[in-house]
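The chain is numbered in sequence order, starting from 1.
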Amino acid sequence: SALLAGAGILVLCFVGGYGEVSRQQILRDLGMDLYGAAVTEDLGSANVAGALLTVCYCFLVIGVVDIGVAFSLYSWLDVSSHYLALFVAWLRVAYTILELSATSGLIVALACWHRDDAAGMHGAMWQFEVGWNGVALAVFGLHLIFLGLGVATIPRSPAATRMLYGAGEAAGCCG
């Protein structure tokens, strides 16, 4: 389960990074600042429909993979503390729900772009920004705090402890 969670997190790094960089490029192409405020009202000058659709798919993939990561983290941490593992998993699921809710703003922005509704698109992009950076990532940060507590309580095997100590001794850092 730890390997599955790690692989999922690796996928999230690449997909999330690509989605966020692409989203910020769309904002620049449309002449918006980071929070979706309009610098220009001209949506026709930039062809962003394909890029915005790709960003929507990226954030939808993030939501699906995050559910898998939540269950993997739960089964990995359940060895040390059932209730802490359950709490961490539910925080991850809550973050995913908030992230997918914010992603609906991107879908609305795409619909507004097709209708050439600059005000609607700016509002939808701002709604995504607040939902994603303001709310979802705050819950994600709380999840990481409790995940750290959970990882700290996982029992270590004596063989792994001896191996780590031996590696440290060989490197000359543990006396």
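- Ring orientation note: the planes of Phe146 and Phe87 are nearly perpendicular, at an angle over 60° on the 30°/60° scale.
- With values rounded to the nearest 0.5 angstrom, Leu110 atom CG is found 5.0 Å from Leu52 atom CG.
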Could you list the donor-acceptor pairs under 3.5 angstrom formed between side-chain atoms of residues 9-19 and any protein atom two or more places apart in sequence or on another chain?
none

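- Hydrophobic clustering, defined by side-chain heavy atoms of Ile, Leu, Val, Met, Phe, Trp and Tyr closer than 4.5 Å, leaves Ile145 isolated from every other such residue.
- In this structure, Thr103 OG1 and Tyr57 OH are separated by 13.0 Å, a value rounded to the nearest 0.5 Å.
- A donor-acceptor pair under 3.5 Å links the side-chain atoms of His143 to the main chain of Val88, judged by distance alone.
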Distance-only check: which donor-acceptor pairs under 3.5 Å involve side-chain atoms of residues 58-66, not counting sequence neighbours?
residue, atom, partner, partner atom, Å
Asp66, OD1, Arg92, NE, 2.9
Asp66, OD1, Arg92, NH2, 2.5

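- Shown here for Ala102 and Gly131, the closest heavy-atom pair between the two residues is CB-C, 3.7 Å.
- Annotation: the span from Leu144 atom CG to Leu149 atom CG amounts to 11.0 Å, rounded to 0.5 Å.
- Among residues at least two apart or in separate chains, there is no salt bridge (Lys or Arg N to Asp or Glu O under 4.0 Å) pair with a member in residues 140-152.
- Every side chain to side chain contact (heavy atoms under 4.5 Å, CB included) that Ile107 has, sequence neighbours left out, goes to Cys56.
- Within the hydrophobic cluster formed by Ile, Leu, Val, Met, Phe, Trp and Tyr side chains joined at under 4.5 Å, directly or through other members, Leu86 is accompanied by Ile67, Phe71, Tyr74, Trp90, Val93, Ile97.
- Side-chain atoms of Glu99 do not come within 3.5 Å of backbone N or O of Ala136 as any donor-acceptor pair.
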Legend entry - From CA spacing to verdict: side chain to side chain contact (heavy atoms under 4.5 Å, CB included), Phe128, Val108: CA-CA 10 Å; Phe128 173 81; Val108 169; over 6 Å; no
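- For the atom pair CZ (Arg23) and CD (Glu20), the distance works out to 4.0 Å, reported to the nearest 0.5 Å.
- Residues Gly105 and Ala124 approach most closely at O-CB, 3.3 Å, considering heavy atoms.
- No single ILVMFWY cluster, assembled from side-chain heavy atoms under 4.5 Å apart, contains both Leu4 and Trp76.
- When every heavy atom of Ala51 is checked against every heavy atom of Ile26, the shortest pair comes out as C-CD1, 3.6 Å.
- Rounding to the nearest 0.5 Å places CG of Leu53 at 12.0 Å from OG of Ser22.
- For the atom pair CE (Met125) and SG (Cys112), the distance works out to 11.0 Å, reported to the nearest 0.5 Å.
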